[in-house]
There are 2 protein chains.
Amino acid sequence: MTDLHTTNALRLLQAADDFRAGLSGELSAVHGISVNEFLLMLHLERAAAHRLSRVDLAKRMHVSASTITRMAAPMEKIGLVDRQVDDRDARLVFVVATQAGRAKLSEALSTFSKRAGYLFSDRWEDDEVDQFAAMLRRLIAGRGDTLA
Amino acid sequence: MTDLHTTNALRLLQAADDFRAGLSGELSAVHGISVNEFLLMLHLERAAAHRLSRVDLAKRMHVSASTITRMAAPMEKIGLVDRQVDDRDARLVFVVATQAGRAKLSEALSTFSKRAGYLFSDRWEDDEVDQFAAMLRRLIAGRGDTLA
DNA sequence: GCAATATGCTTGCATGTGCAAGTGATTCGG
DNA sequence: CCGAATCACTTGCACATGCAAGCATATTGC
């Protein structure tokens, strides 16, 4: 009916949606943040000086610049991130992780890892996990700004 | 730094997001439908009699029942789906694919398959694609209502 | 049978998001 | 230099979506 590439793409979307849906509930219930806020902070954590410009974040997260503007505002209010204007280029406004934000990320990351463990553990052999990692890496290899 | 399960889950989300973002633009530009409308019709296509109740669709798509109600309305207007109340249980309102809807799905599916091909082809060996399919299948094995 | 409960769906409200337009800052071409 | 083009960001508007409440229909317990 449909070829295997198509099946794989459908399964990829389904598996990611399933995982994201479960993660969403626990992140918001336990840590009071959304999946996108979690991913935003993770991008900051991986970035130099734990900061990124708004357009940079937007590209990495597949959202519009306006979304970053609007996500950052409440995160600044609760102290997860700070706003930092570039010295050289006054157009650039960095989103920079605070200590509190990095601590929150660390907690949220343990929830994330626990769920990732549920997803794979007890059903996968170590070498299968390695293979899967290598395959996924090839799928996102085109991007130079991946989280993992 | 982070264990491999965590890395894999992050890559899974990233790969799916990347694919969905590219697909979204082409589906809306070429076929005038959203990714979620495409997936809704695909669920109908796979279902018995090409129809599903609203709560059933909601569960399969990880969205709320109200979202299905609101997605179905414009799709009925442009003739992609019909509304059908169950004879036995007047609470049940099925979303049923029309011929026009199934034709539209078929066109959109070719766009989907083309992008799925880009994602894997020229970079993957056949047996790797098979392995990847088997691994993804295990990730979504818990669900009995998967698309693939 | 009938009240109490559960189920499926819809609607009001609040929130999240993209797009297009607007603003200020920088860079480019002459 | 100076005007034009580009870039980063913000804001107004429209649309999508979840949650809670409401409504109609079924099912259950007595």
Side-chain angles (χ1 to χ4, degrees), chain A residues 17 20-29 32-41 43-44 47 51-78 80-96 145, chain B residues 17 20-29 32-41 43-44 47 51-78 80-96 145:
Chain A
D17 273 358
R20 179 184 278 259
L23 179 67
S24 173
E26 187 165 359
L27 275 189
S28 100
I33 61 174
S34 70
V35 175
N36 271 352
E37 287 170 335
F38 167 75
L39 292 175
L40 188 155
M41 290 195 290
H43 276 289
L44 295 183
R51 63 173 211 175
L52 287 169
S53 76
R54 280 145 153 72
V55 289
D56 205 345
L57 268 172
K59 281 174 196 158
R60 287 167 197 247
M61 297 183 64
H62 285 314
V63 300
S64 67
S66 51
T67 296
I68 300 295
T69 291
R70 281 158 171 147
M71 283 183 69
M75 295 177 75
E76 287 169 13
K77 270 200 176 140
I78 60 178
L80 295 178
V81 299
D82 262 342
R83 155 183 292 252
Q84 204 176 79
V85 179
D86 189 283
D87 296 328
R88 316 275 189 81
D89 189 337
R91 294 172 304 181
L92 287 175
V93 184
F94 291 101
V95 182
V96 48
D145 53 13
Chain B
D17 272 358
R20 180 184 277 259
L23 180 66
S24 173
E26 187 164 1
L27 275 188
S28 100
I33 62 174
S34 70
V35 175
N36 271 353
E37 286 170 335
F38 168 73
L39 291 175
L40 188 155
M41 290 196 288
H43 276 289
L44 295 183
R51 63 173 209 174
L52 287 169
S53 78
R54 278 143 154 74
V55 290
D56 204 346
L57 267 172
K59 282 173 196 158
R60 288 167 197 246
M61 295 183 65
H62 285 313
V63 299
S64 67
S66 51
T67 295
I68 300 294
T69 292
R70 283 160 169 144
M71 282 184 70
M75 293 177 75
E76 287 168 13
K77 269 199 176 144
I78 59 177
L80 294 178
V81 298
D82 262 342
R83 154 182 293 251
Q84 204 174 77
V85 179
D86 188 283
D87 296 329
R88 316 276 189 82
D89 189 338
R91 294 172 303 180
L92 287 175
V93 186
F94 291 101
V95 181
V96 48
D145 52 12

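This structure is a prediction, so every number in the text was calculated from the model and none was measured. Throughout, protein chains are lettered first and strands after them, A, B, ... in sequence-line order, and every chain is numbered starting at 1.
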Has [X] got a side-chain N or O lying under 4.0 Å from the OP1 or OP2 atom of [N]?
{"X": "Arg83(B)", "N": "dT10(C)", "answer": "yes"}
{"X": "Thr69(A)", "N": "dT10(D)", "answer": "yes"}
{"X": "Ser64(B)", "N": "dG18(D)", "answer": "yes"}
{"X": "Arg54(A)", "N": "dT10(D)", "answer": "yes"}

Return the nearest nucleotide to the side chain of [X]; candidates are [options].
{"X": "Met71(A)", "options": "dT17(C), dG18(D), dC19(C)", "result": "dT17(C)"}
{"X": "Arg91(A)", "options": "dT17(C), dA8(D), dC19(D)", "result": "dA8(D)"}
{"X": "Leu92(B)", "options": "dC9(D), dG8(C), dC7(D)", "result": "dG8(C)"}
{"X": "Val55(A)", "options": "dG18(C), dC9(D), dG8(C)", "result": "dC9(D)"}

If I take atom [atom1] in residue [X] and atom [atom2] in nucleotide [N], what distance separates them, rounded to the nearest angstrom?
{"X": "Glu76(B)", "N": "dT10(C)", "atom1": "CD", "atom2": "C1'", "value": "13 Å"}
{"X": "Asp86(A)", "N": "dC7(D)", "atom1": "CG", "atom2": "P", "value": "17 Å"}
{"X": "Leu52(A)", "N": "dC9(D)", "atom1": "CG", "atom2": "C1'", "value": "16 Å"}

Are the side chains of [Y] and [X] in contact, using a 4.5 Å heavy-atom criterion?
{"X": "Leu57(A)", "Y": "Val63(A)", "result": "no"}
{"X": "Met61(A)", "Y": "Thr67(A)", "result": "no"}
{"X": "Val81(A)", "Y": "Glu37(A)", "result": "no"}

inquiry  = Salt bridge or not between Asp89(A) and Arg91(A)? Use side-chain N to carboxylate O under 4.0 Å.
reply    = yes

query = Rounded to the nearest 0.5 Å, how far does CD1 of Ile68(B) lie from CZ of Arg54(B)?
reply = 8.5 Å

query = Taking for each residue the nucleotide of DNA chain C bearing the nearest heavy atom, is the 5' side occupied by Thr67(B) or by Asn36(A)?
reply =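 Counting from the 5' end, the first nearest nucleotide belongs to Thr67(B).
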
query = Quick one: does Arg70(B) reach the base of dG12(C) with a side-chain donor-acceptor pair under 3.5 Å?
reply =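 Yes, a donor-acceptor pair under 3.5 Å.
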
message = Ignoring hydrogens and geometry beyond distance, is the side chain of Ser53(A) in donor-acceptor contact with the base of dC9(D) at under 3.5 Å?
response =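 Side chain to base: no pair present.
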
message = So Ser34(B), base contact, sugar-phosphate only, or nothing? Heavy-atom distance under 4.0 Å.
response = nothing

